[in-house]
Amino acid sequence: MSYFPEVDQPYYLSNFHTLLRWVEQRYDDLLLPKEHDFLDIFRQLSVESQCLLVRMLMRTKLHFRYSKLVYPEIGNIDVAVKELCLYELVVVDPVVDIEIVTGQMLKAELITCFGHDLLLPKASKKQLSEQLYECYGLQSKKHWSKWAVGLDDPLIQLQCQDMFDCLCLMFFGNPYQDLTEFVLTDLGLFRYETIPFDDSTRAFQNRQQIDFYRQLLISREFLEQDLPDQAFDSLPAPIDSDWLNQKRDKTLYRIGYEFERKSDFDQALSCYLDNDYRRARERHIRVLEKQQRYEEAFQLCEQALAEPLDENEQQSCQKMIKRLARKVARKVSIAVVAPIEQHTCQLSYGPEPVELLAAESLTSQVQQAIYVENSLFNGLFGLTFWEAVFKPYPGAFFHPFQSAPHDLYTTDFASTRAREIAAGWERMQQPDYHQWLADRYLDKYGIANPFVNWSVIDETLLRLVQRCIPIQHLKTIFERILFDIKSNSSGFPDLVVFDRCQSCYRLVEVKGPGDRLQDNQIRWFDYFIRHQIPASVLYVQWQNDANR
DNA sequence: GTTGGGATTG
DNA sequence: GAATGTGTGTCTCAATCCCAACTT
DNA sequence: TGACACACATTCAA
Ligand SMILES: [Mn+2]
Ligand SMILES: [Mn+2]
């Protein structure tokens, strides 16, 4: 029961209240006292103050000049600001450093306020700001009003952004989504599948998990600033959650990579050791090689090849072991690679991407080439296994804006959805599979699905698939996607070429001058060859190009 | 004076 | 010519506003 | 806000 009639609220305020209710309902036992206080205080604020606070929380920065807070639905903000101040949700005329000042002032204002400090008044704003950082240093702080003498435009500083970010994190289970999900869904711009789940389902099971993710975000910020040491030191210790530990390992891997860039190989090794992220062992071997510890590198590489974590690791290690074997004077058996069918053609250079030019040249009365890359087979996969993707599996869905189950990329996704996946295979056996697919396409059109790119799939394409691609080929391809969903939903050839007359098709990877097959593309080609799926590479040369 | 990258908005 | 590392552009929700660059 | 594919540079060994 709310004190305010929600119908009269601006859209963003009722969305905010909805979010607070959800969080309160699911996380009541995990909320800190200050978060409980915030919920109580916020609801007692005047509507104008609530509106102003939410407006500020939804904007990107922490500081706002009065003149930039103009909202018709709020009107004069003086009263609202006073009230927010009273509860320490905002501070008026905060103490700030010069960086905040340059960010808040226009270039012209900087020159007005600091003209006498500046050596090059004609420089760009960026350069002026740099000069002022030099001049004042980032540690000297003053009240905004002391910096902005004569501007007569007070500054407000938000005090509760962190707490709100934390509430958002609880609601969404990730730091990427925010309140815009609500309005975009209302407007029909985003559409999500509706999945039943009970009121107690939540992303985090205890407070340590929430704090863990927050701490991980702090570590990632250091990493973005190319500060691997700080990132490493601020990384949270492993915790009682597999998915959070996986995020930790991936961040740790990235930190290691950054250490490598800085040639700090020992630190890099400490990141890769005992790291379960699938690319970590490969980096570990490479670092050992860079340190010329060839014997250790060779042994770890052999170990990885004996029990590869995935095909990507296997492929990398097969390439490395050849080099390493020479270094340690050892013999290794070299895997035989099936030759990939390839052609060349000459096209006249144009502004369009080479894939489109090639598609055009491969399209005729009988042939039609379409630039689909990953979208065709992933899309068909997503439509076929819709029920598996959106099965209301316990804990997989916990808010209304999820385009995928939370555990989609975990190893037991397939086993926990075995029944639904089996139903998908069964569906493919039915004679009306393609009709069912087309119906499903219309039925679900526009609903977010991690495999379906709606702008690429259309009914014409579905008809061509029906006519030209054998069901068995689809099943074969889906099997590999399912085998390793994350790795194998990319690397598909650029084009699918349909032949209406012969009712056949071919997958074509287009390579312009200077481009080569990538590892994940090679893995798919290897699979295509082993399963007699028609695929080839088309090397494009530019007409009248002397370099051949 | 125009253009282009952001931030903001619903 | 492989193998590797690294940088870039493209998806973007779309319309509008603001501000700081400039014969783009 | 990454993920992905591509473009380009460097290195190294036959
Ligand atoms: Mn491509
Ligand atoms: Mn290509």
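Within every chain, numbering begins at 1; the chains are lettered A, B, ... in the order of the sequence lines, protein sequences first and strands thereafter.
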Whole-Å [atom1] distance, [N] and [M]:
| N | M | atom1 | answer |
| --- | --- | --- | --- |
| B:dG6 | D:dT1 | C1' | 15 Å |
| B:dG5 | C:dC11 | P | 14 Å |
| B:dA7 | C:dG7 | C1' | 27 Å |

By the 4.0 Å heavy-atom rule, please label [X] as base, sugar-phosphate, or nothing.
| X | answer |
| --- | --- |
| A:Leu187 | base |
| A:Arg65 | nothing |
| A:Thr180 | nothing |
| A:Pro493 | nothing |
| A:Asn374 | sugar-phosphate |

I want to verify a distance call: between [options], whose nearest atom is closest to the [X] side chain?
| X | options | result |
| --- | --- | --- |
| A:Tyr176 | C:dC13, C:dA20, D:dG2 | D:dG2 |
| A:Ser124 | C:dA21, C:dC19, D:dA5 | C:dA21 |
| A:Thr60 | B:dT8, C:dC13, D:dA5 | B:dT8 |
| A:Glu373 | C:dT12, D:dC6, C:dC19 | D:dC6 |

- Item | Those residues of residues 248-266 of chain A lying under 4.0 Å from DNA chain D by at least one heavy atom |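 Listed by number, they are A:Lys250, A:Arg254.
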- Among residues 319-330 of chain A, which contact DNA chain C at a heavy-atom distance under 4.0 Å? A:Lys319, A:Met320, A:Lys322, A:Arg323
- Message: Check A:Glu509 with A:Arg516, please: is the shortest side-chain N to carboxylate O separation under 4.0 Å?
- Response: no
- Item | Heavy-atom neighbours of A:Asp152 CG exceed 12 at 6.0 Å |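 Not buried by this count: 12 neighbours or fewer within 6.0 Å.
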- Between A:Leu184 and A:Arg286, just flag the one whose closest nucleotide in DNA chain C comes earlier from the 5' side. A:Arg286
- Please confirm whether the backbone N or O of A:Tyr349 pairs with a side-chain atom of A:Gln543, one donor and one acceptor, at under 3.5 Å? no
- Query: Looking only at side-chain N and O atoms, does A:Lys68 come under 4.0 Å of OP1 or OP2 in B:dA7?
  - Reply: no
